[in-house]
Amino acid sequence: MTKMPAGKATATATATAMKETSSKAVEAALPEDRAALLKLHRELRHRRDALPLLSEERADTVIELARVEVQVARIERAMDPPLG
């Protein structure tokens with residue numbers, strides 16, 4: 001196993017911490033209404049499509065898209081009447 005230089009290890013740890021912080025901020029900042037979520041979803045799709053394949057930014061955007069889709073699903077599930 002090779003050791004990373006101290007500066008690179010610190011930079012990696014900082015980048016990881018920033019991603020975790022930004023993902024928590026995105027999760028907390030998701031709108032509660034379906035129309036706003038769909039607008040955000042559209043914007044994220046456009047951003048994803050403009051980014052290079054296999055880039056970290058694209059991967060992060062895909063994760064954000066998934067969070068938005070989960071929130072939309074929660075809202076839509078709550079809109080459906082219970083079966084019975």
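Bear in mind the structure is a predicted one, so any value in this text is a computation, not a measurement. These numbers come from the heavy atoms of this one structure, side chains and all, not from hydrogens, waters or symmetry mates. We count residues from 1, following the sequence as given.
- Of all non-hydrogen atoms in Val68 and Leu37, the two that sit nearest each other are CG1-O, 3.5 Å.
- The closest side-chain donor-acceptor pair between His41 and Arg45 falls under 3.5 angstrom.
- Rounding to the nearest 0.5 angstrom, the gap separating the CZ atom in Arg47 from the CG atom in Leu65 is 8.5 Å.
- Distance check, rounded to the nearest 0.5 Å: CD of Glu56 to CG of Asp60 gives 6.5 Å.
- Connection of Leu30 to Val70 is not established within any shared hydrophobic cluster, with ILVMFWY side chains joined at heavy-atom distances below 4.5 Å, either directly or through further cluster members.
- Counting only distance, with no hydrogens or angles, the side chain of Arg58 and the backbone of Arg48 share a donor-acceptor pair below 3.5 Å.
- Of the inter-residue distances, the one linking Lys39 atom NZ with Asp33 atom CG reads 10.5 Å to the nearest 0.5 angstrom.
- We find the CG-CZ distance between Leu40 and Arg67 to be 12.0 Å, quoted to the nearest 0.5 Å.
- Once rounded to the nearest 0.5 Å, the distance linking CG of Leu44 with OG1 of Thr61 reads 6.5 Å.
- Criterion: ILVMFWY side-chain heavy atoms under 4.5 Å apart, direct or through other members. Under it, Val72 and Met79 are part of a common hydrophobic cluster.
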